Amino acid sequence: MPSRALAVLVALCAAVSTVGCRRPMPAPARPTASIDVVALGQGAYAVLRHEPPAFLFESNGGFVVGDRDVLVIDAQFTAAHTREVIAAIRGVTRLPVRTVVVTHAHDDHVSGLQVYRDSFPDVEIVAHAATRDDLAGGYQQRRRELVDNLRAGTARYRTLLETGRARDGRAIDDEERASFTALLALADGYLADAPSWRPTPPTRTFDGDSLLLRRAGRAVMLRHLGRGHTAGDVVVHLPAEGIVYAGDLAAWPVPLVGTTSFPADYAAALGRLRALRPRVLVGGHGPVMRDDAYVARVQALLEAVQTRTAAAVARGETAEQAQRSVDLSDFRRAFAGESRVRGALFDAYVAAPAVARAHAQATAAR
């Protein structure tokens with residue numbers, strides 16, 4: 001889980017308290033209680049999570065079956081969930097996993113890498129050079145801080161569930177109850193893994209805008225579309241099939257802009273993503289997308305963040321002043337509607353960090 005979760009757990013709890021191959025594809029594996037395996041075409045699959053939106057969340061996965069081996073997109077937040085994905089792959093093919101592509105250096109996409117290393121000792125882990133650097137640097141501290149925050153913060157969510165009421169006396173609704181329950185289950189699994197977790201760095205990196213892999217005559221293109229959700233976001237593009245695994249550049253139902261983002265670059269990266277004209281797009285969270293409507297909406301949001309924050313900087317506002325003056329309520333309504341959970345997610349993962357990061361970028365550019 002990325003750095004965005006560090007302040008989020010405590011702050012949001014307080015907020016809630018006050019508010020391959022060309023052969024015919026094998027049949028998809030039988031879904032479990034928490035995942036669905038979706039055949040996308042030409043040996044490509046998405047592994048989709050069932051959990052409701054929450055302040056901690058598990059990532060989707062994906063895999064591509066070749067003639068001799070399997071390429072996987074991302075690991076998961078816990079070892080158990082990563083093993084669940086491996087079991088799903090085994091429901092499709094007995095071929096070994098030879099490659100894991102890391103889309104970015106956030107916990108819900110990298111914590112389970114050691115499970116792949118243990119299960120497939122010769123596995124190649126591929127990432128952008130910026131992701132490698134983050135995993136070797138800031139990520140380690142963020143992970144330690146997250147473990148500490150989870151140990152301290154989850155008790156407050158348990159109290160919310162036990163009492164059914166926030167501090168102001170209002171009853172939590174069904175969506176909140178489901179969200180908090182999912183958060184606690186994921187936090188418990190992550191904390192259980194913490195004592196035995198060990199870093200698993202990439203074994204292969206690239207620092208340009210693309211890296212071509214070949215699997216049984218199929219082109220698998222890893223693309224770095226520019227800085228966005230992080231400095232090292234990678235999308236996995238199957239150009240012949242029109243399939244893109246986009247990681248958290250395209251997270252649903254609320255964009256995950258976050259504290260490691262680059263809002264001034266993010267919109268342009270999404271423009272390049274849309275220019276790939278994917279027929280099928282798998283985001284890091286949420287359902288399979290069959291058009292670019294959602295990505296276009298996220299792009300419009302990020303363009304507004306950049307424009308409105310740049311105006312605040314031009315007025316001489318500090319970062320704190322810009323946080324108060326930059327109004328994103330129109331986008332909050334568009335993404336969250338009347339949902340308390342999605343509204344809180346928007347506030348935590350979009351409004352606060354996006355404006356702060358956009359202000360820092362705009363100030364540095366002056």
Side-chain angles (χ1 to χ4, degrees), residues 36 38-42 44-54 57-62 73-74 103-104 108-109 175 221 223-230 233-258 261-308 327-339 341-351 353-354 358:
D36 279 324
V38 180
L40 305 177
Q42 300 296 335
Y45 298 83
V47 182
L48 307 180
R49 303 301 308 182
H50 287 175
E51 295 92 350
F57 27 75
E58 187 57 280
S59 68
N60 289 334
I73 298 93
D74 280 333
T103 62
H104 62 289
D108 49 327
H109 298 260
E175 183 188 26
M221 185 69 73
R223 299 186 184 276
H224 177 58
L225 303 176
R227 300 186 302 181
H229 178 61
T230 71
D233 295 297
V234 167
V235 305
V236 179
H237 183 203
L238 309 182
E241 296 82 9
I243 298 170
V244 173
Y245 299 88
D248 282 1
L249 284 175
W252 179 97
V254 171
L256 301 177
V257 182
S261 66
F262 297 85
D265 310 80
Y266 199 158
L270 290 183
R272 297 183 191 103
L273 174 60
R274 295 176 64 203
L276 297 177
R277 300 189 180 280
R279 177 179 59 82
V280 179
L281 190 146
V282 182
H285 307 271
V288 172
M289 303 177 202
R290 304 286 177 175
D291 58 44
D292 70 349
Y294 180 80
V295 177
R297 195 186 338 155
V298 177
Q299 183 179 357
L301 160 68
L302 289 159
E303 289 169 347
V305 168
Q306 182 179 358
T307 300
R308 296 174 193 182
D327 182 9
L328 298 174
S329 59
D330 49 345
F331 287 99
R332 190 182 193 274
R333 286 191 298 273
F335 284 99
E338 299 301 317
S339 166
V341 169
R342 296 186 188 192
L345 288 171
F346 186 92
D347 293 342
Y349 290 113
V350 181

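Remember, it's a predicted structure, so these values are computed and weren't measured experimentally.
- Here the CG-NE2 distance, from Leu48 to His50, works out to 7.5 Å after rounding to the nearest 0.5 Å.
- Proximity of a side-chain donor or acceptor of Arg332 to a complementary backbone N or O of Asp347 within less than 3.5 Å is not detected.
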(Q) Set out, in order, the CA-CA distance, both residues' side-chain angles and the distance that settles side-chain contact (heavy atoms from CB on, under 4.5 Å) for Val280 and Arg290, then state yes or no. (A) CA-CA 5 Å; Val280 179; Arg290 304 286 177 175; 3.1 Å; yes
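- Of all heavy-atom pairs between Pro255 and Val350, the closest is O-CG2, 3.1 Å.
- Residues Leu276 and His237 have side chains in contact (heavy-atom distance under 4.5 Å, counting atoms from C-beta outward).
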Q) Given the rule in the ring pair (Phe, Tyr, Trp, His ring centres under 6.0 Å) test, do Tyr349 and Phe335 qualify, once you have shown the distances and angles that lead to the verdict? A) CA-CA 12 Å; Tyr349 290 113; Phe335 284 99; over 10 Å; no
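- In this structure a side-chain-to-backbone donor-acceptor pair under 3.5 Å is missing from Arg227 to Phe262.
- Residue Thr103 forms a side chain to side chain donor-acceptor pair (under 3.5 Å) with just one option from Thr230, Asp74, Asp233, and that option is Asp74.
- Put simply, the side chain of Leu328 reaches to within 4.5 Å of the side chain of Phe346, judged on heavy atoms.
- With rounding to the nearest 0.5 Å, the separation of CD1 in Ile73 from OH in Tyr245 is 4.5 Å.
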Q) Could you go step by step and tell me if Asp248 and Asp108 meet the side-chain contact (heavy atoms from CB on, under 4.5 Å) rule? A) CA-CA 10 Å; Asp248 282 1; Asp108 49 327; 4.1 Å; yes
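- Side-chain contact between Gln299 and Leu273 is absent, with no heavy atoms from C-beta onward closer than 4.5 Å.
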Q: Decide side-chain contact (heavy atoms from CB on, under 4.5 Å) for Leu256 and Phe57; before the verdict, give the C-alpha distance in whole Å, the side-chain angles of both, and the deciding distance to 0.1 Å.
A: CA-CA 11 Å; Leu256 301 177; Phe57 27 75; 3.7 Å; yes
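- Of all heavy-atom pairs between Tyr266 and Leu249, the closest is OH-O, 3.3 Å.
- One distance of note links CD of Glu58 with CZ of Arg49; it measures 5.0 Å at 0.5 Å rounding.
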**Q.** side-chain contact (heavy atoms from CB on, under 4.5 Å) assessment of Ile243 paired with Arg279
**A.** CA-CA 6 Å; Ile243 298 170; Arg279 177 179 59 82; 4.1 Å; yes
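- Looking at Asp292, its side chain never comes within 3.5 Å of a backbone N or O of Pro278 through a donor-acceptor pair.
- Summarising the geometry of Ala267 relative to Leu302, their closest heavy-atom pair is CB-CB, 3.9 Å, with the distance given to 0.1 Å.
- The heavy-atom pair separating Pro263 from Gln306 by the smallest distance is O-OE1, 4.1 Å.
- His109 and Ser59 make their closest contact through CE1-CB, 3.5 Å (heavy atoms, listed as atom of the first residue, atom of the second, distance).
- Pairing each heavy atom of Arg342 with each of Trp252, the nearest pair is NH2-CH2, 3.8 Å.
- Side chain of Tyr294 to backbone of Ala251: a donor-acceptor contact under 3.5 angstrom is found.
- Atom CG of residue Leu225 and atom CG of residue Asp265 lie 12.0 Å apart, to the nearest 0.5 angstrom.
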